Asker: 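Below: one structure in structure tokens.
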There are 2 protein chains.
Amino acid sequence: MSSTSPIGIFDSGLGGLTVMKEIRRLCPREDLLYFGDTARVPYGNRSPEAIKRFSLESSHFFLQREIKLLVVACNTVASWALPEMTKLAPFLPIIDVVTAGAKAATSTLKDPSIALLATRATVTSKSYHKAISDLSPNARLHAIACPLFVPLVEEGFIDHPATRIIIREYLSQIDHQTIDLWLLGCTHYPPLKPQLEQILGSHCTIIDSATSCAEEVRRYLYSTNMANIQSRGEDLFFVSDDPEKFGKLGPHFYGSSVDNVKHQILEERDALC
Amino acid sequence: MSSTSPIGIFDSGLGGLTVMKEIRRLCPREDLLYFGDTARVPYGNRSPEAIKRFSLESSHFFLQREIKLLVVACNTVASWALPEMTKLAPFLPIIDVVTAGAKAATSTLKDPSIALLATRATVTSKSYHKAISDLSPNARLHAIACPLFVPLVEEGFIDHPATRIIIREYLSQIDHQTIDLWLLGCTHYPPLKPQLEQILGSHCTIIDSATSCAEEVRRYLYSTNMANIQSRGEDLFFVSDDPEKFGKLGPHFYGSSVDNVKHQILEERDALC
């Protein structure tokens with residue numbers, strides 16, 4: 001690998017495109033290679049074993065393509081499969097949304113009280129608990145699993161009374177007055193930000209990890225002299241299900257056109273390496 | 001295969017257990033072998049190519065186990081993959097929920113006006129249109145895709161105000177007065193029957209294909225002398241993701257305990273045979 005190699009971005013489906021959008025904004029000359037496992041999305045309610053297996057199969061896909069950096073844009077993968085992925089490719093730098101989100105959540109306030117909204121798998125993993133307590137041992141984290149947010153966003157039920165009822169129900173699990181900031185621990189959740197603000201009040205602080213993750217990527221590239229100064233910034237997309245559907249839905253997350261999407265069936269592997 | 005061979009039951013996840021429940025009720029001495037592709041559920045929003053590929057991979061699983069009959073308990077699979085599955089195993093009898101549901105919908109009224117509630121993939125396939133017009137050429141079918149029903153049922157949002165809003169919104173696409181009967185074209189939907197009756201009025205007729213499918217199975221077994229009169233009726237369960245989770249959630253759909261669930265990773269196949 002060299003500075004002109006592409007950056008790999010891995011997500012279970014479409015959501016990681018919000019992370020890619022921020023990376024593209026901050027790093028316009030990098031070649032970006034996205035893989036979305038759309039044939040098996042969503043990962044959020046699957047078992048740790050399945051998440052690890054799927055993530056390693058995707059790692060093999062990226063390893064065949066000589067990337068210089070892997071961005072794990074899926075919170076569920078970042079919560080469960082990082083040790084296995086690192087073991088498989090110890091030489092490959094990995095930047096993930098959980099670590100980036102934890103940094104963003106602990107960088108503005110001392111010992112904040114944080115409410116985490118995430119998938120069931122991310123909440124169960126306690127990955128954010130660990131990442132945040134490593135950075136700010138006295139921070140308090142209240143995690144809420146919001147399994148219906150992904151299907152609601154994917155179906156376009158954003159500014160919708162049913163969605164507001166479901167948000168209120170999920171959020172009723174904790175006392176809002178005790179919370180300093182709300183952390184969106186899933187790349188599908190940012191479209192619901194206006195509805196969350198409506199319910200929590202406009203004074204609330206809501207952060208998501210996409211921007212923070214992109215900043216980590218830029219920092220890494222410049223501190224290691226791995227920034228690409230030659231390319232014009234090419235986008236490459238691979239998905240495990242229908243490329244056409246991805247090309248149609250992708251722009252809602254990416255903000256730009258999503259062209260030349262290729263189909264890639266992953267090789268299923270029994271063993272974890 | 002012989003009369004003492006098991007009956008295979010295939011679904012993308014848990015929903016097919018509602019069909020298995022009816023088969024177990026009508027055929028207490030049959031050995032039943034269930035496979036749920038829980039690592040890749042839901043199929044309902046996937047591409048036809050992915051549904052066909054996954055279904056063929058599952059067919060191979062059943063072919064290795066010498067079943068005497070395959071019940072396709074998943075409406076999405078029955079809508080998209082039957083020709084490919086039949087081509088792969090032309091000697092294996094297959095009974096599916098779509099054909100059974102179409103029979104049930106056209107057996108009580110002449111030229112009925114039917115509202116079909118189903119996943120997006122089932123609606124797009126027009127499988128029910130075809131099956132119903134084969135049986136009753138003057139019947140009218142109004143199909144409504146209800147992609148949020150599966151996650152709502154899976155999350156236990158059954159008797160819930162948000163669910164009622166979403167049901168009302170989906171159902172508002174057609175004039176209820178013109179409908180003779182409502183056909184549930186997804187094995188996940190029966191738990192929503194009380195909410196549907198509340199909205200449509202108690203006089204409405206709602207049918208689902210599980211019972212009808214089980215009756216087809218019994219009829220087939222007796223008409224072909226393939227009924228098992230020796231066994232005590234064993235249940236065997238295989239899933240592609242966490243067996244423990246399946247064992248916990250399964251009884252809500254099966255109505256009995258779901259024990260001895262085994263994990264089975266399917267072999268991924270590029271070609272469609």
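This structure is a prediction, so every number in the text was calculated from the model and none was measured. Order of the sequence lines fixes the chain letters, A, B, ..., with proteins taken first and strands second; residue numbering starts at 1 for each chain.
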Asker: Nearest 0.5 Å, what's the CG-CG distance between A:Leu33 and A:Asp235?
Answerer: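 If I round to the nearest 0.5 Å, the distance is 10.0 Å.
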
Asker: Validate the cation-pi geometry between A:Arg65 and A:Phe35: distance from NZ or CZ to the six-membered ring centre under 6.0 Å, angle to the ring axis within 45°.
Answerer: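 No - A:Arg65 does not lie over the ring of A:Phe35 by the 6.0 Å and 45° rule.
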
Asker: Where is the tightest heavy-atom contact between A:Ser55 and A:Phe10, given as atom of each residue plus distance?
Answerer: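 Shortest heavy-atom contact: CA-CE2, 3.9 Å.
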
Asker: Yes or no on side chain to side chain donor-acceptor pair (under 3.5 Å) for B:Thr122 and B:Thr119, after CA distance, side-chain angles and deciding distance?
Answerer: CA-CA 5 Å; B:Thr122 298; B:Thr119 65; 3.1 Å; yes

Asker: Assess whether a salt bridge exists between A:Arg53 and A:Glu57, defined as any Lys/Arg side-chain N lying under 4.0 Å from an Asp/Glu carboxylate O.
Answerer: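 Yes, charged N to carboxylate O under 4.0 Å.
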
Asker: Which residues from residues 152-166 of chain B are near chain A, with near meaning under 4.5 Å between non-hydrogen atoms?
Answerer: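 At a heavy-atom separation under 4.5 Å, chain A is reached by B:Leu152, B:Glu155, B:Phe157, B:His160, B:Pro161, B:Ala162, B:Ile165, B:Ile166.
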
Asker: Quick one: which of B:Val150, B:Leu148, B:Asn45 has the most heavy-atom pairs under 4.5 Å with chain A, could you say?
Answerer: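 Greatest number of close heavy-atom pairs with chain A: B:Leu148.
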
Asker: Measure the CZ-OG1 distance between B:Arg46 and B:Thr76 for me, rounded to the nearest 0.5 Å.
Answerer: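 Reported to 0.5 Å precision, the distance equals 10.5 Å.
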
Asker: Could you go through the ring-ring contact (aromatic ring centres under 6.0 Å, His included) check for B:His263 and B:Phe238 one step at a time?
Answerer: CA-CA 6 Å; B:His263 186 220; B:Phe238 287 84; over 10 Å; no

Asker: Would you please name every residue forming a side chain to side chain donor-acceptor pair (under 3.5 Å) with A:Ser12, sequence neighbours left out?
Answerer: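 Result, side chain to side chain donor-acceptor pair (under 3.5 Å) vs A:Ser12: none returned.
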
Asker: Counting neighbours of CD on A:Glu197 that are heavy atoms of other residues, nucleotides or ligands and sit closer than 6.0 Å, is the number greater than 12?
Answerer: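 Counting other residues, nucleotides and ligands, CD of A:Glu197 exceeds 12 neighbours.
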
Asker: With sequence neighbours left out, what residues match A:Val239 under side chain to side chain contact (heavy atoms under 4.5 Å, CB included)?
Answerer: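 A:Val239 satisfies side chain to side chain contact (heavy atoms under 4.5 Å, CB included) with A:Thr38, A:Pro243, A:Phe246, A:Val261 only.
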
Asker: Please rank B:Pro48, B:Pro151, B:Pro42 by heavy-atom pairs under 4.5 Å with chain A and give me the top one.
Answerer: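 The option with the most such pairs is B:Pro151.
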
Asker: Output the distance between atom CD (A:Gln195) and atom CZ (A:Phe149), rounded to the nearest 0.5 Å.
Answerer: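 Output value for this atom pair is 10.0 Å.
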
Asker: Under a 4.5 Å heavy-atom cut-off, does chain A meet the side chain of B:Val41, its backbone, both or neither?
Answerer: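 For B:Val41, the contact with chain A is made by backbone and side chain together.
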
Asker: For chain A, find its close neighbours in residues 169-176 of chain B: heavy-atom separation under 4.5 Å, sorted by number, or none.
Answerer: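 Counting heavy atoms that sit under 4.5 Å from chain A, the residues of residues 169-176 of chain B involved are B:Glu169, B:Tyr170.
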
